[in-house]
Amino acid sequence: MKIAIIDKPFAPWQILSEYQQTLKSGCYGGTAVFVGTMRDFNEENEVRGMTLEHYPGMTEKHLEQICLDAIDRWNLVDALIIHRTGDLSPNDPIVLVAAWSAHRKEAFEACRFMIEDLKHTAPFWKKEKTNKGARWVEKNTPY
Amino acid sequence: MKIAIIDKPFAPWQILSEYQQTLKSGCYGGTAVFVGTMRDFNEENEVRGMTLEHYPGMTEKHLEQICLDAIDRWNLVDALIIHRTGDLSPNDPIVLVAAWSAHRKEAFEACRFMIEDLKHTAPFWKKEKTNKGARWVEKNTPY
Amino acid sequence: MAITVKFFASLSEQLGMREVLVESKDRLTVEEIWEQVTGNREIPAKILIAINMEYARYDDHVSDNDEVAFFPPVTGG
Amino acid sequence: MAITVKFFASLSEQLGMREVLVESKDRLTVEEIWEQVTGNREIPAKILIAINMEYARYDDHVSDNDEVAFFPPVTGG
């Protein structure tokens with residue numbers, strides 16, 4: 001299990017490649033991954049940058065709990081969450097969620113659960129720099 | 001869009017990293033990925049190796065159609081399917097499916113659709129080498 | 001009429017054939033092609049059929065130069 | 001009783017505060033802490049609360065050395 005909050009750009013596929021080498025070979029048949037990436041538009045405005053604030057301490061605690069819940073509920077081989085903070089540019093990865101399981105159903109369901117739980121409960125806040133000025137994002141899309 | 005049938009081991013995360021650089025920056029917010037990996041056990045038997053046969057021509061046609069259907073139905077930014085054939089060892093990646101979309105819901109649903117459609121319709125056949133001898137896999141898990 | 005017939009995976013092993021060229025004066029259905037090639041062997045349950053790489057049915061008719069394939073349930077991914 | 005109070009994101013900007021140390025002789029609820037720190041300002045709709053980094057409610061009581069946080073709906077991921 002791995003969780004991390006990173007305040008510099010990160011490379012999701014490289015993190016997965018490296019982390020997976022630490023897993024026991026031959027025991028997982030399905031890996032489901034979600035990567036959230038910063039877009040250059042949102043609600044019809046051009047977005048030039050973003051600042052991601054979080055609640056240090058509570059964030060780590062929450063991400064850890066999400067991984068533990070997913071591992072427990074879907075009997076996963078392993079789970080990982082990486083989340084970006086600080087100043088982001090369009091195309092920067094924001095979040096990486098991964099679930100390793102014996103079968104695909106569990107991997108997909110766990111991965112989806114982890115990103116939904118994170119979006120609804122983990123204490124992060126986005127402030128966008130748009131062509132109309134800076135604005136706090138008020139809510140996430142529900143699903 | 002990219003589909004490929006590869007008869008040698010491939011590195012899913014490296015393929016994603018390279019392919020994603022060809023996509024237009026800033027237009028996708030969600031990427032959902034599934035990787036199927038060869039396990040060293042199945043139905044209580046130890047599995048030492050696997051041969052993946054396919055129907056050359058029909059396979060490519062089918063994988064292409066699955067990508068096109070997913071892009072059309074979920075309005076994806078892009079989609080990719082890579083499938084292994086030939087002689088595999090435990091821990092070898094078998095299949096890589098990826099969907100890039102503006103939002104996470106579409107990415108997840110499209111990715112899940114692609115792997116389910118592939119498993120139900122793409123003409124591949126697995127023959128496992130187990131501790132009890134070689135056997136054709138008779139059917140996939142339904143979901 | 002010349003038809004290329006292909007068999008895959010366990011079915012190919014059971015029949016001991018991978019590819020057969022069928023010649024016929026009549027326009028045949030998939031089922032008639034199966035009977036001609038296998039010597040009226042019973043069709044195993046769950047066998048899938050493709051004509052020119054598209055899924056098809058036993059009562060579909062086959063045209064000159066078509067490729068007909070018989071194979072067991074697919075198990076990729 | 002000493003309580004650390006934290007505000008985040010838009011709420012922190014609106015109030016012009018990030019962190020306040022509250023001293024009190026009585027055992028307070030989250031709501032009473034809010035009133036004391038903001039000078040009875042109305043609580044904005046949808047504000048979330050955490051006590052010691054766990055989600056909590058306005059009528060929960062706070063203990064000595066607790067950390068209470070107020071923040072707007074989360075928008076990570």
Side-chain angles (χ1 to χ4, degrees), chain A residues 3 5-6 12 34-39 42-43 47 50-66 81-86 88 93-97 111-128 134-143, chain D residues 1-22 28-38 41-77:
Chain A
I3 67 125
I5 316 285
I6 302 181
F34 179 78
V35 178
T37 305
M38 193 190 148
R39 291 180 303 152
N42 191 18
E43 290 173 11
V47 181
M50 180 188 276
T51 304
L52 248 161
E53 187 179 329
H54 75 124
Y55 183 173
M58 183 165 172
T59 323
E60 289 83 347
K61 206 173 155 175
H62 247 74
L63 300 189
E64 239 176 69
Q65 196 54 53
I66 292 171
I81 304 178
I82 311 286
H83 204 293
R84 178 71 191 283
T85 57
L88 283 77
I94 301 171
V95 62
L96 163 62
V97 173
C111 185
R112 189 76 199 264
F113 161 80
M114 288 196 285
I115 186 67
E116 297 305 331
D117 201 348
L118 186 156
K119 288 209 166 233
H120 287 91
T121 68
F124 293 100
W125 301 275
K126 287 178 183 142
K127 190 177 195 175
E128 293 176 341
R135 65 175 181 201
W136 287 98
V137 176
E138 291 192 1
K139 59 173 188 218
N140 274 327
T141 48
Y143 289 104
Chain D
M1 217 170 67
I3 310 292
T4 304
V5 181
K6 294 185 172 183
F7 302 97
F8 290 96
S10 55
L11 184 64
S12 165
E13 285 185 1
Q14 280 159 34
L15 298 174
M17 297 186 279
R18 287 198 73 79
E19 189 167 330
V20 182
L21 195 69
V22 174
L28 302 175
T29 64
V30 169
E31 191 166 11
E32 288 162 344
I33 288 173
W34 170 274
E35 285 163 359
Q36 182 167 329
V37 172
T38 66
R41 195 167 165 150
E42 200 178 333
I43 301 176
K46 296 185 188 168
I47 290 300
L48 302 171
I49 306 145
I51 301 176
N52 297 331
M53 303 183 178
E54 296 283 356
Y55 282 104
R57 303 173 350 154
Y58 281 105
D59 55 2
D60 284 339
H61 280 84
V62 177
S63 307
D64 193 26
N65 293 316
D66 276 0
E67 177 172 302
V68 178
F70 296 92
F71 47 81
V74 300
T75 56

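Here the structure is a predicted model, which means the values were calculated and not measured. Labels below follow one simple rule: chain letters A, B, ... track the order of the sequence lines, proteins then strands, and each chain is numbered from 1.
- Counting only heavy atoms from C-beta outward, the side chains of F71(D) and M58(A) approach each other to under 4.5 Å.
- The shortest heavy-atom contact between W125(A) and P72(D) is NE1-O, 2.9 Å.
- If you measure heavy-atom distances from A50(D) to chain A, the contacts under 4.5 Å come from the side chain alone.
- Interface summary for chain D: among F34(A), F124(A), W136(A), the most heavy-atom pairs under 4.5 angstrom belong to W136(A).
- Taking each heavy atom of P56(A) and F8(D) in turn, the nearest pair found is CD-CE2, 4.4 Å.
- In this structure, the portion of H62(A) lying under 4.5 Å from any heavy atom of chain D is its side chain and not its backbone.
- Contacts between residues 28-37 of chain D and chain A, defined by a heavy-atom separation under 4.5 Å, are made by no residue at all.
- Evaluation of the salt bridge (Lys or Arg N to Asp or Glu O under 4.0 Å) test over residues 45-59 of chain D, restricted to residues two or more places apart or in two chains, returns K61(A)-E54(D), R57(D)-D59(D).
- For the residue pair Y55(A) and M53(D), the shortest heavy atom distance occurs at OH-CG, 3.9 Å.
- The 12-atom threshold is not exceeded at CD of E138(A), counting heavy atoms of other residues, nucleotides or ligands nearer than 6.0 Å.
- Sequence neighbours left out, the pairs with a member in residues 9-18 of chain D that pass salt bridge (Lys or Arg N to Asp or Glu O under 4.0 Å) are E53(A)-R18(D), K127(A)-E13(D).
- In terms of heavy-atom pairs under 4.5 Å with chain D, the best-connected choice from V137(A), V95(A), L118(A) is V137(A).
- For T121(A), the parts lying under 4.5 angstrom from a heavy atom of chain D are both the backbone and the side chain.
- Minimum heavy-atom separation, N140(A) to T75(D): ND2-CA, 3.3 Å.
- Take D64(D) and apply the side-chain contact (heavy atoms from CB on, under 4.5 Å) test, not counting sequence neighbours, and it matches M1(D), A2(D).
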